[in-house]
Amino acid sequence: MKRTKIKDALSMSGDNRKILIMGWVRNKRASKNLAFLAVNDGSCLHHLQVVIDFDHFDNHILDDVHTGASVAVEGKLSTSQGTGQNVELQAEDFRLLGKADPNEYPLQPKRHSLEFLREIAHLRFRTNLFGAVTRVRHAMIFAVHKFFNDKGFYNIHSPIITGSDAEGAGEMFQVTTLDLNKPPKTKDGVIDYSKDFFGKQTNLTVSGQLEAELAALAMSEVYTFGPTFRAENSNTVRHLAEFWMIEPEMAFYDINDNMDLAEEMLKYLVRYALDNCIDDLKFLEQRRTNEEKQKPQNERSAMSLLERLEFVVASDFKRITYTEAIDILIESKPNKKKKFNYPVESWGTDLQSEHERFLVEKHFKTPVIITDYPKDIKAFYMKMNEDNKTVRAMDVLFPQIGEIIGGSQREENYDMLTKRMKDMDVPEKEMWWFLETRKFGTVPHSGYGLGFERLLLFVTGLNNIRDVIPFPRTPKNAEF
RNA sequence: UCCUCCUUAGCUCAGUUGGUUUAGAGCACCUGACUGUUAAUCAGGGGGUCCUAGGUUCAAGUCCUAGAGGGGGAGCCA
């Protein structure tokens with residue numbers, strides 16, 4: 001008999017049809033004549049209740065069946081006599097596929113701390129929480145491709161191993177096949193990378209943007225969605241050494257078109273989660289509400305998870321310039337009362353997390369897009385404004401997580417771009433291929449980067465980025 | 001990298017100003033009871049390198065020093 005997925009079984013009527021299910025036992029409740037197994041196969045959040053009637057089975061058939069064991073059960077799908085589920089499976093044939101010794105198996109039918117689950121990342125898929133996160137993550141991956149595909153964008157696989165440090169976005173992981181114990185040296189005593197695999201020093205990519213620009217300046221509208229790597233020693237709830245980034249790059253878009261696309265995309269993705277993952281989101285919402293009950297009233301969120309997601313889809317993102325943001329911050333209550341750790345005094349300094357949070361959560365109470373930052377605090381490739389002081393950068397700020405998107409209109413003028421590179425000590429020579437796009441048929445273009453895991457933090461309501469990626473890579477941690 | 005907090009049973013946690021037996025509870029596990037349970041319930045049982053290494057003391061889970069691991073915050077950013 002062909003296996004029926006539990007998600008499908010739960011949507012059938014209890015008409016005593018015969019089905020076969022396979023999955024992992026989450027919980028066993030046994031009494032003298034009957035036992036109930038909650039079985040989950042990952043196809044959905046909910047379990048299928050399997051009923052074992054000891055009139056038909058040996059009394060010891062469940063002796064080795066504990067939480068975590070894998071089973072195959074054939075039987076009749078019937079209307080449940082108990083409350084709590086519509087249908088249940090009356091077992092007729094029961095097979096234990098794999099035991100899970102309860103003296104060793106770490107998961108139990110109870111709440112575990114997220115810290116503990118991180119230490120058993122190989123098993124945490126078997127919890128309701130990570131099942132939900134995994135399904136939401138998948139749906140969002142799919143939604144990203146669907147959004148861009150439906151708009152006529154082409155997906156570009158940018159290289160994972162690169163020979164350039166794209167934007168000075170951070171420390172890079174070196175890729176080498178040289179023997180680190182005795183690397184070849186030149187006459188000057190420095191490591192001879194001409195002997196390395198690629199004949200030069202190479203690294204893992206920190207961004208696919210520059211390559212995406214090359215493609216956009218021929219294909220018009222492209223996007224990358226791949227892993228990026230940063231060897232920064234960042235120990236926070238919103239940084240990973242290996243994370244996934246979505247980077248659209250569009251020819252003929254100015255910064256306003258860029259903002260329109262970013263806003264439309266974020267709303268589309270959140271809407272997609274609401275439309276396709278409602279069971280998992282409700283579970284995540286409940287989890288978050290329970291967690292917040294432990295907190296004092298004033299630290300709890302004003303909105304539930306679903307309310308917040310609906311709110312973002314419905315609201316217009318507030319668009320202001322950096323200069324306007326500084327004016328608001330200088331005049332703000334917390335600044336005047338010296339409540340900020342970093343007081344806002346003058347134009348030109350970068351905005352701190354606490355300032356961004358104030359603007360989003362207290363002042364505007366809606367997602368905010370800040371544009372036209374001072375040129376000195378932004379990357380070399382961003383287009384200079386007429387004032388010669390600011391660049392056409394845009395950062396999208398979300399409640400709770402802060403910066404979710406960073407982007408800009410790109411500098412398409414060859415002379416201006418090379419001047420900026422000189423000013424900011426970017427090695428022009430290594431970037432010859434990037435500069436040629438400005439020599440041959442250059443056009444105005446724009447793009448941005450979205451940290452996929454940060455979006456997932458927002459959608460799932462979790463606080464720690466290590467809990468929205470299956471195998472987090474952080475400083476001192478690559479166990480799984 | 002900086003600041004700060006934490007580490008006691010498989011898990012979640014108590015453990016008073018350092019001092020009374022053999023360091024406790026709930027869950028999990030084992031045994032028994034129970035005719036439909038919902039993280040079942042009831043009774044009983046087994047289970048400990050109190051993170052590691054030093055030190056103070058008549059006496060250390062508790063105090064001190066160092067180290068390891070983890071959490072939260074900051075910076076860098078996505």
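Naming convention: chains lettered A, B, ... in sequence-line order (proteins, then strands); numbering from 1 in each chain.
Protein atom NZ of Lys378(A) is 11 Å distant from nucleotide atom C1' of A78(B), rounded to whole Å. Here U37(B) presents its C1' atom at 17 Å from NZ of Lys32(A), a figure rounded to the nearest Å. Rounded to whole Å, the distance from CG on Asn103(A) to P on G48(B) is 12 Å. Atom CZ of Arg230(A) is separated from atom C1' of C76(B) by 10 Å (rounded to the nearest Å). Between Glu171(A) atom CD and C77(B) atom C1' the separation is 13 Å, expressed in whole Å. Rounded to whole Å, atom C1' of G10(B) lies 13 Å from atom CG of Leu123(A). Between the CG atom of Asp395(A) and the P atom of C76(B) there is a distance of 12 Å, given to the nearest Å.
Separation of the His66(A) and Tyr105(A) ring centroids does not fall under the 6.0 Å cut-off. Taking the ring centroids of Phe398(A) and Phe458(A), they lie under the 6.0 Å cut-off. Aromatic pair Phe452(A)/Phe225(A): centroids less than 6.0 angstrom apart. Here the two rings, on Phe130(A) and Phe125(A), have centers that are 6.0 Å apart or farther.
Separation of the C1' atoms belonging to C27(B) and G47(B) is 14 Å when rounded to the nearest angstrom. G45(B) and G54(B): their C1' atoms are spaced 39 Å apart (whole Å). Here the separation of A43(B) from U56(B), taken at their C1' atoms, is 47 Å to the nearest Å. Remark: the separation of the P atoms in A23(B) and G10(B) is 16 Å, to the nearest Å. Comparing the same atom, C1', in C51(B) and in G70(B) gives a spacing of 11 Å after rounding to whole Å. One C1' atom belongs to U21(B), the other to C29(B), and the distance between them is 28 Å to the nearest Å. Rounded to whole Å, the separation between the P atoms of A28(B) and C11(B) comes to 15 Å. Between U22(B) and A60(B), the two P atoms lie 14 Å apart (nearest whole Å).
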Discussion item. Could you go through Asp260(A) and Arg319(A), starting from their C-alpha distance and side-chain angles, then the distance that decides it, and tell me whether this counts as salt bridge (charged side-chain N to carboxylate O under 4.0 Å, His left out)?
Written reply: CA-CA 11 Å; Asp260(A) 290 345; Arg319(A) 300 180 184 188; 2.9 Å; yes
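Side-chain contact between Ser353(A) and Arg357(A) is present, with heavy atoms from C-beta onward closer than 4.5 Å. Using a 4.5 Å cut-off on side-chain heavy atoms (C-beta onward), Lys339(A) and Asn335(A) make no contact. By the 4.5 Å heavy-atom criterion applied to side chains, Asp395(A) and Ile369(A) are not counted as neighbours. Taking the side chain as every heavy atom from C-beta outward, Phe434(A) and Glu213(A) approach each other to under 4.5 Å. Side-chain contact between Glu92(A) and His56(A) is absent, with no heavy-atom pair separated by less than 4.5 Å. Under the 4.5 Å side-chain criterion, counting only non-hydrogen atoms from C-beta, Arg466(A) is in contact with Thr474(A).
Counting non-hydrogen atoms under 4.0 angstrom, Gln108(A) reaches a base of the nucleic acid.
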Fill in: Dot-bracket pairing map - RNA chain B, Watson-Crick plus G-U, both contacts under 3.5 Å, | cross-strand
(((((((..((((.....[....)))).(((((.......))))).....(((((..]....))))))))))))....
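If you check A78(B), G36(B), C30(B) against the side chain of His66(A), the one that comes closest is C30(B).
For the OP1/OP2 pair of C27(B) and a distance below 4.0 Å, the side-chain nitrogens and oxygens of Lys110(A) include no atom meeting the criterion. In this model, the phosphate group of A39(B) is not approached by any side-chain N or O of His47(A) to a distance below 4.0 Å at OP1 or OP2.
Of the two residues near RNA chain B, Phe116(A) and Gln85(A), the one whose nearest nucleotide lies more 5' is Phe116(A).
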Fill in: B/S/- contact track for nucleotides 67-74 of chain B, protein heavy atom under 4.0 Å
----SSBB
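Stacking is not found between Tyr105(A) and the pyrimidine-like six-membered ring of the G10(B) base under the 5.5 Å centre-distance and 30° plane-angle cut-offs.
Against RNA chain B, the stretch residues 86-97 of chain A makes heavy-atom approaches under 4.0 Å through Glu88(A), Gln90(A).
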